[in-house]
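Quick caveat: nothing in here was measured; it's all calculated off a predicted structure.
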Amino acid sequence: MGFADQRFNVNLSILFTELPLLERPAAAAAAGFTAVELWWPWVDSPTPERSELDALRRSVEDAGVRLTGLNFYAGRLPGPDRGALSVPGEESERFRANIDVAADFAGSLGCTALNALYGNRVEGVDPAEQDALALENLALAARAADRIGAILLVEALNRPESPLYPLVSAPAAVGVVDRVNEATGLGNARFLMDLYHLSMNGEDLPSVIERYASVTGHVQIADSPGRGAPGTGSLPLEDLLDQLAKAGYAGWVGLEYKPGDRPSAEAFGWLPAEARGAR
């Protein structure tokens, strides 16, 4: 077992960001990868022009890579926002306007995982009101994902970097997954296990894997501290991914780390070139 036995994709919203968006899929392919994922690329628009969607679709297709994951609209990310679906008013409406746009775009590229970031707590708003709105919007997103044969992902972030985000533990995120599945009856909501975020929360990662591998729909990694490439911090990422595989997880592992003060193409030395393409 080891890194060479995993299926990795590259998150083009944190790697290759020194390049224009439309050049990133080809850069990932040139680095040897065959799959990519994205945060919602149009931070200011949940409903971009058709021409923009078509241009990104062509860039993915022309690069010969597969889009395996896409975020729904999440506000200003990177930035102060951590999602929109639990934020009453305009942001919730923007999320709803984005649901079918994101699902249709994902479906057009065969992408089968859609991530819905929960959103920050809002001062002066009852958390119970936000949670009720979140469940309503997540149910809508789960139904849209189901329409294209995709899963809906719910992610835990870390409290030090996202102090207003309410899902800052694996149990909190999995609890939302369970409520969405109960509300829709579809069973397509799954946990996004980001080992970097969970480590920053001080969680026992082997225990998290043991408890929640069976409800995990996607895994993302970065080393900790620092959110750099594997080997730049102290997380035993190779061992943790081996444990996940032994627990039955056979899905994608998203590379969602910062390249540091070097071009992104130079940030993959930890992974042999022959192990970068999906098998």
### Message
Looking at every heavy atom in both Gly2 and Gln6, which two are closest together, and how far apart are they?
### Response
O-NE2, 3.5 Å

### Query
Is a donor on one side and an acceptor on the other found under 3.5 Å between the side chain of Arg227 and the backbone of Ser224?
no

#### Entry: Polar contact flag, side-chain donor to acceptor under 3.5 angstrom, Asn201-Ser169
no

### Message
Quick check: closest heavy atoms across Ala142 and Val180, and the distance to 0.1 Å?
### Response
CB-CG1, 4.1 Å

### Query
Do Arg121 and Asp131 meet the salt-bridge criterion of a basic N to acidic O distance under 4.0 Å?
yes

### Summary
Here the pair of heavy atoms bringing Gly233 nearest to Asp223 is N-OD2, 2.9 Å

### Closest heavy-atom pair and its distance - Ala103, Leu114
CA-CD1, 4.2 Å

### Query
Considering all heavy atoms of both residues, which atom of Ile148 and which atom of Gly107 are nearest to each other, and what is their separation?
CD1-N, 3.7 Å

### Task
Look only at the side chain of Arg179 and the backbone of Leu135, and say whether a donor-acceptor pair between them is shorter than 3.5 Å.
no

### Query
Would Arg58 and Glu61 pass as an ion pair if we require N to O under 4.0 Å?
no

### Query
Is it true that a side-chain atom of Ser108 and a backbone atom of Phe105 form a donor plus acceptor pair closer than 3.5 Å?
yes

### Query
Between Phe3 and Trp270, does the ring centroid distance fall short of 6.0 Å?
yes

### Message
If I take atom CD1 from residue Ile221 and atom OH from residue Tyr257, how far apart are they, to the nearest 0.5 angstrom?
### Response
7.5 Å

### Query
Pick one: which of Asn115, Leu67, Val60 meets side-chain contact (heavy atoms from CB on, under 4.5 Å) with Leu38?
Leu67

### Message
For the residue pair Ser59 / Glu23, report whether a side-chain donor-acceptor contact shorter than 3.5 Å exists.
### Response
no

### Query
Can the ring centroids of Phe8 and Phe33 be said to lie less than 6.0 angstrom from one another?
no

### Message
Using modelled atom types and a 3.5 Å cut-off, is there a donor and acceptor pairing between side-chain atoms of Arg159 and backbone atoms of Met200?
### Response
no

### Short N-O contact, Arg147 and Asp100, less than 4.0 angstrom
yes

### Task
Would you confirm whether Thr232, through its side chain, and Ala229, through its main-chain N or O, come within 3.5 Å as a donor-acceptor pair?
yes

### Task
Indicate whether any N or O donor in one side chain lies under 3.5 Å from an N or O acceptor in the other, for Glu37 and His218.
yes

### Message
Ignoring hydrogens and geometry beyond distance, is a side-chain donor-acceptor pair present between Glu91 and Tyr73 at under 3.5 Å?
### Response
yes

### Query
Will you find, in the side chains of Trp39 and Glu256, an N or O donor that is under 3.5 Å from an N or O acceptor?
yes

### Straight-line distance of Asn158 CG to Ser199 OG, nearest 0.5 Å
7.5 Å

### Task
Output yes when a side-chain donor or acceptor of Asp194 lies under 3.5 Å from a complementary backbone atom of Leu157, and no otherwise.
no

#### Entry: Salt bridge present between Asp54 and Arg57 (N-O < 4.0 angstrom)
yes

### Task
State, to 0.1 Å, how close Val208 and Leu198 come at their nearest heavy-atom pair, and which atoms those are.
CG1-CD1, 3.8 Å

### Query
Can a salt bridge be assigned to the pair Glu203 and Arg211 using a cut-off of 4.0 Å between side-chain N and carboxylate O?
no

### Query
Would a distance-only check, ignoring hydrogens and angles, find a side-chain to backbone donor-acceptor pair under 3.5 Å from Arg190 to Ser214?
yes

### Task
Compute whether any side-chain donor of one residue and acceptor of the other, for Gln243 and Glu210, lie under 3.5 angstrom apart.
no

### Query
Checking Arg82 side chain against Tyr118 main chain: does a donor-acceptor pair fall under 3.5 Å?
no

### Query
Between Tyr165 and Asp81, does any side-chain donor sit less than 3.5 Å from a side-chain acceptor?
no

### Query
Distance only, no hydrogens: is a donor on one side chain within 3.5 Å (strictly under) of an acceptor on the other, for Ser86 and Asn137?
no

